[in-house]
Structure formats: structure tokens, C-alpha cells
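First up is the structure itself, then whatever we jot down about it.
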Amino acid sequence: MASHYEAPIRKPLVLGDKGYHDVTVDIAAPVEGKANKQWWIVFTIALLAFLWGLGCIIYTISTGIGVWGLNRTVNWAWDITNFVWWVGIGHAGTLISAVLLLFRQKWRMAINRSAEAMTIFSVIQAGLFPIIHMGRPWLGYWVLPIPNQFGSLWVNFNSPLLWDVFAISTYLSVSLVFWWTGLLPDFAMIRDRAVKPFQKKIYSLLSFGWTGRAKDWQRFEEVSLVLAGLATPLVLSVHTIVSFDFATSVIPGWHTTIFPPYFVAGAIFSGFAMVQTLLIIMRKVCHLEAYITVQHIELMNIVIMITGSIVGCAYITELFIAWYSGVEYEQYAFLNRATGPYWWAYWSMMTCNVFSPQFMWFKKLRTSIMFSFFISIVVNIGMWFERFVIIVTSLHRDYLPSSWTMFSPTFVDVGIFIGTVGFFFVLFLLYSRTFPVIAQAEVKSILKSSGERFKRLREEGKAMYQMPSAKKEVKKAEVQETEDKSKDVSTLLDSLGTFDPETDTPDDLKKVKGIGPQMEKALNQIGIYSFEQVSRMTEKEYDLLDSITGSFPGRAQRDDWAGQAQELKNKK
């Protein structure tokens with residue numbers, strides 16, 4: 001019988017008859033294998049976009065920000081729009097990792113790693129814009145309260161722009177530590193499976209000496225909880241402080257107390273949409289459909305629907321407060337957004353952010369992969385328009401009609417934005433090839449409670465170690481497996497040679513590093529007794545040995561049993 005009651009309404013979070021070894025192999029495959037053609041095509045496009053943006057950044061710094069489309073009235077435009085957009089996207093990663101960890105939500109475990117990586121990479125993009133906007137980024141250290149060549153020149157601690165510096169740098173630091181801490185068991189897994197010495201050395205350094213002892217796991221759990229507790233208020237504070245850039249001003253349409261919660265909800269909204277976009281691509285390219293399931297996509301869509309509804313309520317509240325305030329400047333600011341020359345941007349924002357997420361009320365649509373992918377892109381387009389509408393439409397018509405003007409982006413504005421998108425995807429694609437994209441240790445921890453195979457065993461009242469098939473099928477599979485192993489053993493001994501106990505003396509194989517008493521016993525059962533046989537092993541024989549024993553795949557090749565056996569044979 002099952003060891004405990006499991007609610008039947010819960011769907012499996014891991015599909016297929018996956019065991020612990022299957023999880024390791026599937027998650028390590030994108031790192032250990034070669035990049036496919038599609039990866040190289042997307043990487044090339046992203047790299048070209050990044051190089052174009054880099055050229056535009058160099059041109060801006062060498063010439064001045066006058067090359068942007070700014071003017072005396074609209075003195076903030078695409079730069080601050082892109083900055084706030086990227087900061088918003090970076091919110092979902094920490095929310096998924098920290099908040100859902102604190103609430104013990106198991107569905108986070110397959111998606112938190114990519115979400116955390118997205119946070120790091122998007123905050124890097126956001127940080128580029130204040131640096132560029134400084135005009136002289138080589139003097140960027142002036143934002144730090146340290147003595148400089150001008151003596152008593154100090155930063156203005158009353159400025160929300162300085163609060164941005166501290167909030168985002170703190171957020172990036174905590175998110176980076178949180179992300180790296182979670183990666184330690186996975187780096188150790190890749191280290192132990194690595195065949196090439198250089199790869200083994202790199203992952204040994206990255207894993208910080210992780211051994212998998214109970215003490216390591218205890219510290220891992222403690223640090224994860226502490227960092228989650230630190231990161232959760234940061235999710236709320238960072239975009240709240242970003243909203244203060246606008247809320248503390250006196251410009252109609254900006255100085256409103258609803259901005260902090262409104263910006264936080266919008267940030268989570270756009271962040272979850274970007275996570276959705278990346279995960280749908282990732283599950284297909286890296287063949288992770290068994291771990292990033294339709295249920296994960298559906299739960300993400302529910303969060304998008306809820307946060308989209310909150311954002312819609314914020315839009316309506318803004319309109320109500322503008323009317324209720326009786327301030328004609330405030331009323332005109334919102335009327336101008338909806339009916340003025342930028343009406344197309346306002347209604348694009350409303351369509352993408354308020355109306356499109358409401359389709360997620362329908363289960364058939366929120367469980368459709370293609371529709372979810374489409375809506376996730378639409379939402380991020382809408383959130384970009386939201387920031388554009390808030391900034392540009394509030395500035396382009398000043399108090400004096402003689403100051404009214406329109407904003408048009410230049411090729412440099414467009415180029416820098418496309419460059420940051422390219423840079424983001426370059427970083428994410430490189431991450432997917434070098435880091436495990438799913439936390440394999442965490443997935444294994446929930447496998448028996450949420451894996452499809454174990455769910456089926458529990459429903460049938462069988463023990464956890466039993467296969468769900470009939471006895472006859474199990475026996476047939478065992479017979480087939482035995483026959484296959486016999487063929488592999490014959491092929492292996494044909495290459496290594498046979499051992500004659502009457503004429504030959506068996507060697508102590510435990511002298512070879514990596515062969516313990518159990519492994520020596522397994523080798524003897526196969527028919528391997530001497531250093532001479534072991535010294536003849538090549539990559540083909542290593543693979544055959546792994547398939548026969550089924551334990552510690554790649555261990556023999558990593559430890560170079562053949563080389564060690566050759567030296568021991570020569571010493572005899």
C-alpha cells in the first residue's frame with residue numbers, strides 16, 4: 001500500500017517513467033551534448049543584434065545623448081522606458097524562487113533555475129541604461145558616497161535616481177548569490193560526470209567543493225531560506241523605488257500614490273510572461289517536456305491572468321482618481337493618453353495588458369502551448385507600451401502649448417534597445433549550454449510524490465520500487481535485459497581477452513583508483529580479473545562496461561583505468 005495519502009486531484013509534475021538516474025541524464029544532456037543547428041541560428045541572430053546595439057552605445061558615448069530622439073520637452077523617452085521594462089522583467093525570477101519557496105510550492109522546482117537566470121540577465125540590461133545616460137560613464141563612481149577629486153561633492157540622497165542605484169545593485173547581488181547557491185549541487189553533478197580534465201576542473205571550482213554530505217544539504221537548506229527571506233521584500237521594494245522616480249515628481253499623470261503597488265504588479269506580470277516565453281522555447285529545444293509540463297504552463301498562465309487583472313484595476317483607478325481629484329491638468333493628462341496623438345500606444349497597452357490575459361479564464365486556452373507562447377509575447381509588448389505611455393504622453397504636452405512637441409526615436413534609440421534584447425538572449429543561450437537549466441536535486445526530492453510513475457504505483461497500491469506493468473511483462477523485460485547484457489559481456493571480453501583461472505593469476509584490481517571491493521566483484525562476475533584486460537580498454541569498452549554494470553557511468557574513463565592498469569602491469 002502507499003506510504004501516505006496523496007490527493008488524487010494533483011497531476012504529476014514529472015511525466016514518464018523517470019527514475020533518479022533518468023533525471024540526471026536528461027538535465028545534464030544539454031550541457032554535455034553538442035549544440036544543435038537551431039541553437040546556433042538563434043545565437044548568431046542574438047549576437048548580431050548585440051553587436052549592433054554595442055556599436056550604437058559606443059556612438060552615443062563618443063558623441064553624446066543628443067543622438068537620441070530627446071528634445072527639451074520630452075527629456076526622458078526610450079532610455080527610461082527600456083530601463084523600467086527590463087527591471088520589471090527581472091522580478092519574476094526572484095518571485096518564483098523566493099516567494100514560492102517560502103510557500104513550499106513544488107511546481108516551482110522545474111522552472112526556478114531559468115527564472116533566476118532571467119532575473120540576473122535582465123537586471124544587467126537595465127543597469128546599462130543609467131550608465132549610458134550618465135553621458136560620462138567613466139565618472140560613474142561619483143554615484144557612490146566616497147571622497148573624490150572635488151572634495152566635498154556628495155551624491156544627493158534625496159534623489160529617487162540614487163535610490164535606484166542602491167535598490168538595483170542590492171537586488172542584483174542577492175539574486176546572484178541566491179542563483180549561485182542553488183546551482184552548487186548541479187555543478188557538482190556535472191563535475192562528477194565530466195570526462196575531460198579541463199571541464200572537470202572548471203566545474204570543481206564552480207561547485208565550491210560540494211560533496212553531497214548531510215551537512216552540505218543542511219547548510220544549503222538554511223542558506224536558501226535566509227536568502228529567500230531577504231529576496232522577498234526586495235521584490236516589493238525594488239520596483240516600488242523605481243516607481244518613486246515618477247511618483248515623487250509634480251508632473252500630472254505621475255504624482256500618484258498608486259504607482260508603487262501598480263508598478264510591482266506590472267513587474268510581476270511582465271516577468272512571468274517573459275519566463276513563460278523562455279520556458280516554452282527551452283522545453284522544446286532541450287527536450288524537457290517531461291519536467292516543464294503543461295501543468296507548469298497553466299499555473300504560470302493563472303499568475304499572468306491574476307496580475308494582469310490587478311494591472312487593469314490600477315488603470316481604472318488612475319482614471320477614477322484623475323476625475324475625482326477635480327484637477328484639470330490631471331484630467332487632461334489621462335484624456336490626452338486615450339485620445340491624443342499617442343492614442344495608438346495607449347490602446348495597444350490596454351489591449352495587450354488588460355484584455356489579452358482574460359483569455360486565460362478558459363482552461364482550453366491556458367493549457368495550449370502555442371496560445372500561451374503568443375500571449376506571453378503580447379503581454380511583454382503591452383508592458384513596454386505601458387512604460388512608454390506613462391513617460392512620453394505625460395511629457396510631450398507641457399503646461400505651455402508653445403512647448404508641445406512629439407517624440408520620434410532615432411536609429412540609435414532603436415539600436416540600443418535591440419542590442420539589449422540581443423545581449424539578453426546571448427547570455428541566456430550561453431547559460432543553457434553551460435549550466436543545468438533545471439535544479440535536478442530539487443526535482444529528485446519531489447519525484448516520489450509528483451512523478452507520473454510513482455503516482456501510478458500509488459494508485460495501484462503497489463510498493464514504490466515496483467514497476468506498474470504486469471508480472472509477465474516484467475519477467476519478459478528481465479529476460480530481454482539479461483540477453484542484452486550477455487551479448488554486451490561477450491563483446492567486451494572479445495576486445496579485452498578472456499581469463500583462464502588454471503594458467504593465469506588474478507590481480508588485485510582494487511589497486512586501480514576508482515575500483516573498490518564492490519566494483520572488483522562486479523568486474524570478476526563479468527570475467528575481468530587482470531590488469532592486462534583492464535589496460536586494453538578504450539572508449540568503446542568503457543561504454544560497454546557502463547551499460548553492463550549500470551553504476552557510476554563515465555567513472556572508468558574519467559579515472560583512466562586503462563592507463564593505471566598499464567602502469568601496474570609494467571611494475572609487476
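Note that the structure is a prediction, hence the values are computed from the model and not measured.
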Checklist entry - Do the rings of Phe428 and Phe121 sit parallel, tilted or perpendicular, given the 30° and 60° boundaries? => result perpendicular
Item to check | Which residues share a side chain to side chain contact (heavy atoms under 4.5 Å, CB included) with Pro260, sequence neighbours left out | outcome: Thr240, Ser243, Phe244
Checklist outcome for this item: Residues at least two apart in sequence or cross-chain that pass ring-ring contact (aromatic ring centres under 6.0 Å, His included) with Phe178, listed by chain then number, are none
Next on the checklist: As a quick check of understanding, evaluate ring pair (Phe, Tyr, Trp, His ring centres under 6.0 Å) for Trp85 and Trp78, giving each step before the final call.
Outcome noted: CA-CA 10 Å; Trp85 187 71; Trp78 272 46; over 10 Å; no
Tell me which donor-acceptor pairs under 3.5 Å the side chains of residues 48-67 have, and how far apart each pair is, sequence neighbours excluded?
unit_1 : atom_1 : unit_2 : atom_2 : d
Thr60  : OG1    : Cys56  : O      : 2.8
Thr60  : OG1    : Trp68  : NE1    : 3.4
Ser62  : OG     : Ile58  : O      : 2.9
Ser62  : OG     : Tyr59  : O      : 3.0
Thr63  : OG1    : Tyr59  : O      : 2.9

Checklist entry - Angle class for the Trp86/Phe424 ring planes (parallel below 30°, perpendicular above 60°, tilted otherwise)? => result tilted
Checklist entry - Angle class for the Tyr342/Trp344 ring planes (parallel below 30°, perpendicular above 60°, tilted otherwise)? => result tilted
Checklist entry - More than 12 heavy atoms of other residues, nucleotides or ligands under 6.0 Å from CZ of Phe359: is that the case? => result no
Checklist entry - If you count the non-hydrogen atoms of other residues, nucleotides and ligands that lie under 6.0 Å from CH2 in Trp40, is the total more than 12? => result no
Checklist entry - In terms of the angle between their ring planes, are Tyr324 and Phe320 parallel, tilted or perpendicular, with boundaries placed at 30° and 60°? => result parallel
Next on the checklist: Using 30° and 60° as the class boundaries, would you call the ring planes of Tyr262 and Tyr315 parallel, tilted or perpendicular?
Outcome noted: perpendicular
Next on the checklist: Parallel, tilted or perpendicular, judged at 30° and 60°: which one describes the rings of Phe435 and Trp179?
Outcome noted: tilted
